[in-house]
Chemist: 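I'd like to ask you about the structure that follows.
Fair warning: this is a prediction, and the values are worked out from it, not measured in the lab. Heavy atoms only: backbone and side chains are in, while hydrogens, waters and symmetry mates are out. So that the names make sense, note that chain A is the first sequence line, chain B the second, and so on, each numbered from 1.
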There are 2 protein chains.
Amino acid sequence: MDMRSTLDAPDKPMNPTKLAIMDAAEQSILKHGYKAMSFRDLAAQVGIKSASVHYHFPTKADLLQALLVRHQSTLEAAMKPPKKKRQAAQKALNQFIECYRDITISRGSMALSAVLLAEHSLLDAQSKEQLNDLYQWQCDWLATIVSYLHKAEVPTDSDRQYASQIMASLHGASILAKATQDADIFDQVTQPWRTLVDRI
Amino acid sequence: MDMRSTLDAPDKPMNPTKLAIMDAAEQSILKHGYKAMSFRDLAAQVGIKSASVHYHFPTKADLLQALLVRHQSTLEAAMKPPKKKRQAAQKALNQFIECYRDITISRGSMALSAVLLAEHSLLDAQSKEQLNDLYQWQCDWLATIVSYLHKAEVPTDSDRQYASQIMASLHGASILAKATQDADIFDQVTQPWRTLVDRI
DNA sequence: GTCTATACGGTGATAGAC
DNA sequence: GTCTATCACCGTATAGAC
């Protein structure tokens, strides 16, 4: 009987092979989509056999869940609760934009969450929930940031609407940049949000 | 030797089975993605065997190309060259928004082009080109509309930037609505564009 | 942990009868 | 046009040796 869980303790050093598998999986999903990501390809990429991949992640759903949990943790770690000062909030927002910009420009991909959403019906129930949480967390974080931009303590409905518009703009900018193969479009579309503090 | 082409003459009545296959294929892609769409499933949906699907579309790439050509034609037919009057242009823009809204709300899906973009590496070269053209055409059409909104004859760089922002907003709104399973978000995000004529 | 070997179903595609 | 039959894969997943 195997007591090992797919979820590892946070901040504990992870098995390097397991980590390599997750990295390869994320790359593969970003490039080819979830359905096209196969254990055989991942194994070849890591330099092991597919049976060994199953040792670390029994099923494809297990691997995806681990990926989503890590993705959320990374995001939460990078987007620490920002200062309430207006300029600090704008800086935090710009950092958020930069995350989407990186994926779009240097990786040439849509966001992981958007790719998975395109194949939503293929995901297991738990991954669907984690995906939902991922969006909710980002919208909430953005709404808080927007409220700080005008010295409010708690986000208003208007702040939440701004947050939705920013999120939509980022995902849409990513799509447009990839579709037209013109990286500059991302910056053109998202530029207004980089100086939002001056207009709110 | 088969002289039949995958592309049918425009406005000619199409083989009803062929049409049913295309409809089923589009539905399947919107729901499950391109990779998960299989000839066997389409055949079952239409009520024939997969070999018969291959008769109408020799390869999966052929089917996708036919789908993209039809999609572009439908779009061009629906989005006729608008009047240059400001109010007529706004009405045309609203109609464009409505197209994305329909897919998002009633079909509960992202746009076909966005789904395919998530699996971009799986597409054949010709489909990639058609997908690229599809985005270019929409951005150009939107830029023209925006120019009409302020009585210009030819789109400026500023108009083109507006067009990109509208496109990004629509795709992002669709993603957000699907991710949060809250259809209202689409309208909240895209509402500003419905009254753009008053602010430009 | 990683391997070999294997089971078993799904997939795109083709040949040939009707 | 549609069928049956078949092919050569590729996919997830498991059992058991090392």
Chemist: Just to confirm, is there a sub-4.0 Å distance from OP1 or OP2 of C:dT2 to any side-chain nitrogen or oxygen of A:Thr17?
Modeler: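 Answer yes for this pair, as a side-chain N or O of A:Thr17 is under 4.0 Å from OP1 or OP2.
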Chemist: Within residues 38-50 of chain B, find the residues that approach DNA chain C with a heavy atom at under 4.0 Å, and present them sorted by residue number.
Modeler: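 Per residue number, the list reads B:Ser38, B:Phe39, B:Arg40.
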Chemist: Kindly indicate whether a cation-pi arrangement holds for A:Lys83 with A:Tyr148, taking the cut-offs as under 6.0 Å to the six-membered ring centre and within 45° of the axis.
Modeler: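 Not flagged: A:Lys83 not positioned over aromatic ring of A:Tyr148.
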Chemist: Return the value, rounded to whole Å, for the distance between atom OH of B:Tyr55 and atom C1' of C:dG12.
Modeler: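 B:Tyr55 atom OH is separated from C:dG12 atom C1' by 19 Å.
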Chemist: Are A:Glu119 and B:Lys35 ion-paired here, with the side-chain N under 4.0 Å from a carboxylate O?
Modeler: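 So A:Glu119 does not pair with B:Lys35 through a salt bridge.
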Chemist: Tell me, please, which residues at least two apart from A:Arg70 pass side-chain hydrogen bond (donor to acceptor under 3.5 Å, both in side chains).
Modeler: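 Testing A:Arg70 for side-chain hydrogen bond (donor to acceptor under 3.5 Å, both in side chains), a comparison that skips the adjacent residues, returns A:Asp23, A:Glu26.
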Chemist: Mind calculating the distance between CG (A:Leu122) and C1' (C:dT11) to the nearest angstrom?
Modeler: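 Spelled out: CG on A:Leu122 to C1' on C:dT11 is 15 Å.
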Chemist: Where the side chain of A:Ala51 is defined as all heavy atoms beyond and including C-beta, which of D:dC3, C:dA5, D:dA13 is the nearest nucleotide?
Modeler: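 The listed nucleotide nearest to A:Ala51's side chain is C:dA5.
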Chemist: Check whether the side chains of B:His150 and B:Asp159 place a donor and an acceptor atom closer than 3.5 Å, and report yes or no.
Modeler: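 A pair is found: one side chain offers a donor N or O, the other an acceptor, under 3.5 Å apart.
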Chemist: In whole Å, I'd like the distance from the CE atom of A:Met37 to the C1' atom of D:dT12.
Modeler: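 Value for this atom pair: 12 Å.
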Chemist: If the cut-off is 4.0 Å, is A:Ser52 near the phosphate of C:dG1, judged by side-chain N/O to OP1 or OP2?
Modeler: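 Checking A:Ser52 against C:dG1: no side-chain N or O falls below 4.0 Å of OP1 or OP2.
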Chemist: C:dG1, D:dT12, C:dG12: which one has an atom nearest the side-chain heavy atoms of B:Lys60?
Modeler: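 Given the options C:dG1, D:dT12, C:dG12, the side chain of B:Lys60 is closest to C:dG12.
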Chemist: Figure out the CZ/C1' separation between A:Phe57 and D:dG11, and round it to whole Å.
Modeler: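 Value for this atom pair: 19 Å.
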Chemist: Between atom NE2 in B:His54 and atom P in D:dC3, what is the gap in whole Å?
Modeler: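 Nearest whole value for this atom pair: 13 Å.
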Chemist: Can you tell me how far the OG atom of A:Ser113 sits from the NE2 atom of A:His120, to the nearest 0.5 Å?
Modeler: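 One gets 11.5 Å once the value is rounded to the nearest 0.5 Å.
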Chemist: Against A:Asp124, only a single residue in A:Gln130, A:Lys60, A:Gln65 fulfils side-chain hydrogen bond (donor to acceptor under 3.5 Å, both in side chains); can you say which?
Modeler: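 Per the side-chain hydrogen bond (donor to acceptor under 3.5 Å, both in side chains) rule, the option paired with A:Asp124 is A:Gln65, out of A:Gln130, A:Lys60, A:Gln65.
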Chemist: Check this for me, if you would: do A:Arg101 and A:Asp187 make a salt bridge, where the nitrogen-to-carboxylate-oxygen distance has to be below 4.0 angstrom?
Modeler: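 Counted as a salt bridge, because a side-chain N and a carboxylate O are separated by less than 4.0 Å.
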Chemist: Rounded to whole Å, how long is the line connecting atom CG of B:Leu19 with atom P of D:dG1?
Modeler: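 After rounding, the reported distance stands at 13 Å.
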Chemist: Establish, with yes or no, whether the OP1 or OP2 oxygen of C:dT2 is under 4.0 angstrom from a side-chain nitrogen or oxygen of A:His56.
Modeler: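 Yes, A:His56 has a side-chain N/O under 4.0 Å of OP1/OP2 on C:dT2.
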